[in-house]
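This is a predicted model, so every value here is computed, not measured.
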Amino acid sequence: MANETPVSIKVNGKEEQRDVEPRLLLAHFLREDLGLTGTHIGCDTTQCGACTVLIDGKSVKACTVFAVQADGSEVTTIEGVGAEGELHPVQEGFWEEHGLQCGYCTPGMIMSGIHLLNENKNPSEQEIREGISGNFCRCTGYQHIVNAIQYAAKKG
Amino acid sequence: MTSTEARKQQYRVIGTRPIRHDGLDKVTGRARYGADIHLPGLLTGKVLRSPHAHARIRGIDASKALALPGVEAVVTAADFPIHEDMEIDLVETLGNLRVLAENIMASEKVLYRGHAVAAVAATSAAIAEEALGLIEVDYEVLPPVLNGPDAMDANSPRLHENMTTHSVAKRFERGTDTGVGSNIASHLQFKLGDPEAGFAEADVIVEREYTTSTVHQGYIEPHTATALWDFDGQVTLWSSSQGAFGMRAQTAAVLGIPESRVKAIPMEIGGGFGGKLNTYLDPVAAALSRETGKPVKITMDRAEVFIATGPTSATRSRIKLGAKKDGTLTAAWSELVYEAGAFPGSPVGAGASTGFAPYKIENILVDGYDVVVNKPKVAAYRAPGSPQAAFAIESAMSELAEKLGMDPIELRLKNVIRPGDRLPTGVPLLPTGCEEMEKAMRSHPHYNAPIEGPNRGRGVAVGFWGNAGNSSSATVSVTADGGVTLVTGSVDIGGTRASLAMQAAEVLGITAEDVRPSVGDTASVGWTGQTGGSRTTFSTGLAVVAAAEKVRDEMVKRAAILLETEPEKIEFDAGTFKNGAGKSLSFQEVAAAQVRTGGSITASASSNPRQVGPAFAGHIVDVEVDPETGKVEILRYTAFQDVGTAAHPSYVEGQIQGAVAQGVGWALNEEYVWSEDGRMENASFLDYRMPTTLDLPMIETVLIEEPNPAHPFGIRGVGEVCIVPPMAAIANAVANATGRRLTHLPMSPGRILEALERPATNGTGG
């Protein structure tokens, strides 16, 4: 299609080169072009946080960034977290502490949790709440999610 | 957590907290939700929605849209069969096929802003979007009516010219046709005893009016549906829904094809809370697939979820309570007006039958009105209809306690309903622990802690929900390695794969991890009602237990063959088969020998409970009201609930905490803001403000475990009743903190500030 721009984005350690329309959001690029459907879309307007990914280590809502803006960046999605057979402590925390019900907000929550712990190894409950306040969960009341991140912090 | 743990000593698995089977997929992003499906040749569907709250459709011209390259089909109501009124099963709400079909695609009139009028299938989302703008709809705009009490006025604009009021004396009945044309779809009346005489006996009377705004379930995953209408006439659906069988039934009915031609495959679901019992998209995607011969996926954006799916009713409730000086309730009256949205079917029946249920009252009159207005047709939302009535009645109860000079929990205990007492519907209450729960509230440290600091207050409220039963199916099959697979028809929204696997494990003497649970599609498991009504762990659990028992009995027979004895002599204990003479076989050994001892071991069963087991919840909340900003902060929250046997206590706690979070949103912030012409002015998560981590404290839960006699392990539905008390508990706490009673939800900062300008009343009773 006309009016496409080449981008080169390192996603989960792998260089991805595509021609994309400038209006394409990173969230759609990840889901539609790369098939990385673990990045969920809940609101289209950057409130819910279900599409949170890391860009160069910082948590970002992927529906608020155009794919072309991520050109030259390193993007980590939920699929790039942890290794085969070895979950990241935050992933493990969500599973062990029952930090999810429907699971739809979970990938975004985990990405925000990872960013939080990268910045602050030993957050207080209030710091955890602030760190994930950009992510909605409608099922849990957040308590088990806070517990999950505390579990991960303890595990280091 | 406080819990009567001792009761559960008899169980090995029930009452423990295993991690969920689907957890790995969900923390690694591998779980596949509805929108994650991708099929060869997949087209994107989009829906054109009415810009008017009330209008007649004079004509639709889609020729320009069809001419756009990449557009493969446009459908309108003309592409769907015309339906008569016919009841269909939607678990918690009345379903009417004509209403369902007209809500999915408007035919002669649009009845709310957002009502679907046409749909497009195209090769990309951008083309589909552009095509919507090329469809020309000729509307004759009509005046809308936007709230229940206005719509009841005989001179109000009428949504349905032929609709007449039905008079109903029993919930779920259509009732008798009064022949009176009106926006009032039905008037429901329950009466116990002699209310007039009861009020005459009263020493103290409280009479108040309360209102609530439209609120949405707010699940994070937008609705999505993918359909493929194959060349042989078979239709396959990949849905985000609370039940594949419900989607199959609704889609087949709307399309006018036999159910047997539709296969619905449930995908993971990103929350429902009642809002995904009804279909909005599946039949539309199927019709577009029929026209194009290709699979079609339609996914709503968030604004569409707000304006075009079913929120819950805005309401007006008038309450009158009469009591003796000692607190004995002599009579109670409620008049409940529930907005149904554009078509009949508000949950006023549930409001009418639950509001007074925590109390033994001899004389009750309840009038409920189901009223159509030019807003989206409401859908179920967690204990549908009960929270609005409870907000009104529990606020009035605490005001009554204050007038009587009584402690608000004492007043509730004084009148507490006990097993065998009649509910407002006239039905006797099954064994439940309402009284135990209220005593636990009274003696809890939270209730007895002093409230320190200015602008702080404490409130309490209780609530009731009947819970659903309905039928479910399950299949248990033994694997050669000594585990079992478990297939049920219940979509798992909050952890039911685990809670069901635990029940199979309990029966079979194996661990929860030995059971591999999955959610079957409509072709691979027997009919199963939708995941709603707090029914899955209870009713699908009954099917699982029955299937597991059949498997266990068959395993005993096989063990007898292997141990060369009679089945009657086999003792089955915690997964071991003993012959009584010192020889034994493990579950795994019998499983490994299944083929050579008589063939594969598998059993299916279905449930059909005659009794269900209702639930009570009671909440204590401390708040602080900021007199400068009007913001209410939740300082401390303790939620008590009769949960029956807590199958998986962490999941029970999670249900309660999640419901409290939704209740806090409903109480303090969430509402649809309507323009005068019926447009929702805040159709985004920015402006429709749901609670975040910063709006909530840790929520303490106290589980009262009164076993449910209708389930062999005493399991009771737990997911819904916990959203019933929060709004009234918080309103009572605000009254206690400020001396002002707020009678409208939400108690948003602006409304708090307005209230603070009024002189304080004596309203300090939480």
Subject >> Stepwise side-chain contact (heavy atoms from CB on, under 4.5 Å) check, Cys139(A) with Tyr219(B) >> reply: CA-CA 8 Å; Cys139(A) 296; Tyr219(B) 33 79; over 6 Å; no
Subject >> Arg32(B) side chain vs Gly38(A) backbone, donor-acceptor pair below 3.5 Å >> reply: no
Original post:
Between Gly134(A), Ala50(A), Cys137(A), Gly141(A), which residue shows the highest count of heavy-atom pairs closer than 4.5 Å to chain B?
Top reply: Gly141(A)
Original post:
Is chain B contacted by the side chain of Val90(A), its backbone, both, or neither, given a heavy-atom distance below 4.5 Å?
Top reply: neither
Subject >> Among Ser684(B), Gly271(B), Gly218(B), Gly665(B), residue most engaged with chain A (heavy-atom pairs, under 4.5 Å) >> reply: Gly218(B)
Subject >> Working for side-chain contact (heavy atoms from CB on, under 4.5 Å), residues Thr37(A) and Arg30(B) >> reply: CA-CA 8 Å; Thr37(A) 54; Arg30(B) 289 182 202 153; over 6 Å; no
Original post:
Pick from Arg31(A), Glu92(A), Met109(A): which one has the most heavy-atom pairs with chain B under 4.5 Å?
Top reply: Arg31(A)
**OP:** State the OG-CG distance between Ser133(A) and Leu694(B), to the nearest 0.5 angstrom.
**Re:** 4.5 Å
Subject >> Option passing side chain to side chain contact (heavy atoms under 4.5 Å, CB included) with Thr28(B) (candidates Val81(A), Ile78(A), Leu87(A)) >> reply: Leu87(A)
**OP:** Give a yes or no on whether the backbone of Cys43(A) and the side-chain of Asp301(B) come within a donor-acceptor separation of less than 3.5 Å.
**Re:** no
Original post:
Rounded to the nearest 0.5 Å, how far apart are CD of Glu221(B) and SG of Cys48(A)?
Top reply: 11.0 Å
Original post:
When you look at Gln101(A) and Tyr651(B), which way does the side-chain contact (heavy atoms from CB on, under 4.5 Å) test go after all the steps?
Top reply: CA-CA 8 Å; Gln101(A) 284 179 30; Tyr651(B) 289 1; over 6 Å; no
Original post:
Looking at side-chain heavy atoms only, is the closest gap between Val27(B) and Ile110(A) below 4.5 Å?
Top reply: yes
Original post:
Do you know the tightest heavy-atom contact between Tyr33(B) and Gly103(A)?
Top reply: OH-C, 3.0 Å
Subject >> Pick from Ser650(B), Gly495(B), Ala31(B) with the largest number of heavy-atom pairs that fall under 4.5 Å of chain A >> reply: Ser650(B)
Original post:
With only heavy atoms counted, which part of Glu97(A) is less than 4.5 Å from chain B, the side chain, the backbone, both or neither?
Top reply: neither
Subject >> Close side-chain approach of Leu696(B) to Gln143(A), heavy-atom, < 4.5 Å >> reply: no
Subject >> Exam field: side chain Arg20(B) to backbone Trp95(A), donor-acceptor pair closer than 3.5 Å >> reply: no
Original post:
Considering only heavy atoms, which portion of Ile699(B) lies under 4.5 Å from any heavy atom of chain A: side chain, backbone, both, or neither?
Top reply: both
**OP:** Could you tell me whether the side chain of Asn147(A) reaches within less than 4.5 Å of the side chain of Met698(B), counting heavy atoms only?
**Re:** yes
**OP:** Could you look at Ala125(B) and say if it's the side chain, the backbone, both or neither that has a heavy atom under 4.5 Å from chain A?
**Re:** neither
**OP:** Please assess Gln47(A) against Met690(B) for the test side-chain contact (heavy atoms from CB on, under 4.5 Å), listing each intermediate value before the final yes or no.
**Re:** CA-CA 10 Å; Gln47(A) 272 85 45; Met690(B) 306 200 305; over 6 Å; no
**OP:** Measure the CG-OG1 distance between Asp25(B) and Thr106(A) for me, rounded to the nearest 0.5 Å.
**Re:** 12.0 Å
Original post:
Between Ala126(B), Gly658(B), Pro697(B), Ala659(B), which shows the greatest number of heavy-atom pairs under 4.5 Å with chain A?
Top reply: Gly658(B)
Original post:
Given the options Ile269(B), Leu24(B), Asp22(B), which has more heavy-atom pairs under 4.5 Å with chain A than any of the others?
Top reply: Leu24(B)
Original post:
Side chain, backbone, both or neither: which part of Gln655(B) has a heavy atom under 4.5 Å from chain A?
Top reply: both
Subject >> Any donor-acceptor N/O pair, Arg138(A) side chain to Gln662(B) backbone, under 3.5 Å >> reply: no
Subject >> Euclidean distance, Phe685(B) CZ relative to Phe136(A) CZ, rounded to 0.5 Å >> reply: 6.0 Å
**OP:** Drop me the distance from Glu268(B)'s CD to Cys102(A)'s SG, to the nearest 0.5 angstrom.
**Re:** 9.5 Å
Subject >> Contact class of Ile656(B) relative to chain A, heavy atoms under 4.5 angstrom >> reply: neither
Subject >> Atom group of Pro18(B) that falls short of 4.5 Å from chain A, counting heavy atoms >> reply: backbone
Original post:
Of the backbone (N, CA, C, O) and the side chain (C-beta and beyond), which part of Tyr142(A) lies under 4.5 Å from a heavy atom of chain B, both, or neither?
Top reply: side chain
Original post:
Is the CD atom of Glu15(A) crowded by more than 12 outside heavy atoms at less than 6.0 Å?
Top reply: yes
Subject >> Beyond-backbone contact of His98(A) with Ile19(B), side-chain heavy atoms, under 4.5 angstrom >> reply: yes
Original post:
Contact part of Ile132(A) toward chain B, heavy-atom cut-off under 4.5 Å: side chain, backbone, both or neither?
Top reply: both
Original post:
Can you tell which of His648(B), Met300(B), Arg302(B) has the highest number of heavy-atom pairs within less than 4.5 Å of chain A?
Top reply: Arg302(B)
Original post:
Relative to chain B, which segment of Thr140(A) carries a heavy atom at a distance below 4.5 Å: side chain, backbone, both, or neither?
Top reply: backbone
